[in-house]
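Since the structure comes first, as structure tokens, the remarks are kept for the end.
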Amino acid sequence: MLADTDYLVVGAGATGLAFVDALAAGADAEVAVVDRQPAAGGHWLHAYPFVRLHTPSAYYGVNSLALGDDSIDQAGENAGYYERATGSEVCEYFAEAAARLARTARVRLLTGHEHLGGGNNGEHVRDLSTGELHDVVVRRKVVDARYLEASIPATHARPFDVAPGARVIPVNDLPQTAGSACSYAVLGAGKTAADACCWLLDNDVEPDRIRWIRPREAWFYDRRHFQPLEQVGAIMEGLSLDAEAGASAASVEDLFERLEATGRLARIDASRPATMFRGTMLSARELESLRKIEHVVRLGRVRRIEAGRIVLERGETETGPHVLHVDCTALGLNNAPATAIFQPGRIVLQQVRHLSPAFNAALAGFVEASRDDDVDKNRLCPPNPYPGRWLSEPDISAWVAASRLNLLRALPDHAAEPSVQPAVKRFLTHVNAATERLKHLAGPSS
Ligand SMILES: Cc1cc2nc3c(=O)[nH]c(=O)nc-3n(C[C@H](O)[C@H](O)[C@H](O)COP(=O)(O)OP(=O)(O)OC[C@H]3O[C@@H](n4cnc5c(N)ncnc54)[C@H](O)[C@@H]3O)c2cc1C
């Protein structure tokens, strides 16, 4: 039984483990990690069977343990890019990362335990196997590693009704059910729906057997700009395109148009306005393949699926018993409002650098282990990207430079190469103007 600890970390997903891994490397502290699930790994434990990391494995996971071997895929839609682990590889990796932490004897992982909040006698933690409630005295901090917890297809509440006779499955069931259907209606506009469509196309379903119920058009990054290590120049290129577009954008719409014109962002149907941006990415090959699906229903969100029709916000479309409806409508990443990361008695893990959740959690762990003052820690880790602050702190700069989770870690080795130089120059030319311009576009609250 757990009675007391220095840190109580709530959530054993990627962020909880990345934080603990970095904290344990630098601090002499007792850490307990609680998760209501039966294993470490967070949402990956319930991911759909054909999911992969969106970004390369090279900079995902915890700092002290490599994920994969940084190889470059030779075939498929990711050919030429760094490998991306499958969902089951990610789960195995987190199981190993958790076991290594537990072997330090300073970290206890309590799966099947739920944190219920704080009280006068400590933090309430329930052992879900026995129902017993424990009060845990936390000497230093409670770490909220679930603040940005994602809503995923396997566990979200379906936001529409299903009448008897309609065939509706969560995307997780697609591989085992697909063979029994003549045609498919994929519901959702985001990355999961795109993955489901790609899976069907890759499994020889002709595009005209797929109907895509897409309430809105999404922006996707081009995965080309997220390649680390030997290809880190591509990341620099992407950042320089952001800076250049940001420095001259007249409005948010103009910013997105400029980013699309340079190939930084893309939408599946370039003739339709895109209103959704979740920071997800596709490769050029995936985009090409998705554009083959011509039957797109744009009548808003699904309200109800009946045996013979789909009722949507702005109309209806027919369906039938031969159609398999694939629910990909979970929201994915959560947009919880930014709050201070280091608070009295509490750490709330959030984004510091854009699109780097594992890196951000590990950075917070390192800063927690190496600084005493919360004001200083918040200066270094604001829930906004101002990473320039790290440059004047030699220990933090050194940690960032060496971290396997830092997508730019190979930049110093490649910055002088003729193929990378123009991007570095373009970035430096525009970054300050872009920061000012984007603050202005974001409005007075920024
Ligand atoms: C399909 C998908 C693919 C992604 N791919 C990438 C990628 O390639 N690269 C990338 O950088 N990011 C990716 N992301 C972003 C992703 O959100 C993060 O990578 C990361 O996995 C999020 O981890 P987390 O620990 O914040 O949340 P989660 O994985 O959601 O973990 C939160 C944990 O907290 C536990 N918990 C919550 N409340 C309590 C409580 N009260 N008591 C006990 N336990 C509790 C939950 O059981 C859960 O296990 C992806 C996201 C999705 C959905």
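Whatever order the structure lists ligands and atoms in, that order sets their numbers, starting from 1. Here, residue 1 is the first one in the sequence, and each next residue gets the next number. Predicted, not measured: the structure shown is a model, and the values here were computed from it.
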Those residues at least two apart in sequence (or on a different chain) that pass ring-ring contact (aromatic ring centres under 6.0 Å, His included) with Phe342 are none
Would you call the rings of Trp399 and Phe359 parallel, tilted or perpendicular, where under 30° means parallel and over 60° means perpendicular?
-> tilted
For a quick check under 3.5 Å, do [X] and [Y] share a side-chain donor-acceptor pair by atom type?
X	Y	value
Asn406	Arg353	yes
Gln37	His46	yes
His115	Asp35	no
Ser183	Arg209	no

Quick check for students: name every N or O atom pair between ligand 1 and the protein closer than 3.5 Å, with distances.
from: ligand 1; atom 1: 8 (O); to: His54; atom 2: N; distance (Å): 2.5
from: ligand 1; atom 1: 8 (O); to: Thr55; atom 2: N; distance (Å): 2.9
from: ligand 1; atom 1: 8 (O); to: Thr55; atom 2: OG1; distance (Å): 3.1
from: ligand 1; atom 1: 9 (N); to: Thr55; atom 2: OG1; distance (Å): 2.8
from: ligand 1; atom 1: 19 (O); to: Tyr60; atom 2: OH; distance (Å): 2.6
from: ligand 1; atom 1: 21 (O); to: His43; atom 2: NE2; distance (Å): 3.0
from: ligand 1; atom 1: 21 (O); to: Trp44; atom 2: NE1; distance (Å): 3.3
from: ligand 1; atom 1: 21 (O); to: Tyr60; atom 2: OH; distance (Å): 2.8
from: ligand 1; atom 1: 25 (O); to: Ala14; atom 2: N; distance (Å): 3.2
from: ligand 1; atom 1: 25 (O); to: Thr15; atom 2: N; distance (Å): 3.1
from: ligand 1; atom 1: 25 (O); to: Thr15; atom 2: OG1; distance (Å): 2.7
from: ligand 1; atom 1: 26 (O); to: Thr15; atom 2: OG1; distance (Å): 2.7
from: ligand 1; atom 1: 29 (O); to: His43; atom 2: N; distance (Å): 2.8
from: ligand 1; atom 1: 41 (N); to: Arg36; atom 2: NH2; distance (Å): 3.4
from: ligand 1; atom 1: 41 (N); to: His115; atom 2: O; distance (Å): 3.0
from: ligand 1; atom 1: 42 (N); to: His115; atom 2: N; distance (Å): 2.9
from: ligand 1; atom 1: 44 (N); to: Arg36; atom 2: N; distance (Å): 3.2
from: ligand 1; atom 1: 47 (O); to: Asp35; atom 2: OD1; distance (Å): 2.8
from: ligand 1; atom 1: 49 (O); to: Asp35; atom 2: OD1; distance (Å): 3.2
from: ligand 1; atom 1: 49 (O); to: Asp35; atom 2: OD2; distance (Å): 2.6
from: ligand 1; atom 1: 49 (O); to: Gln37; atom 2: NE2; distance (Å): 2.8

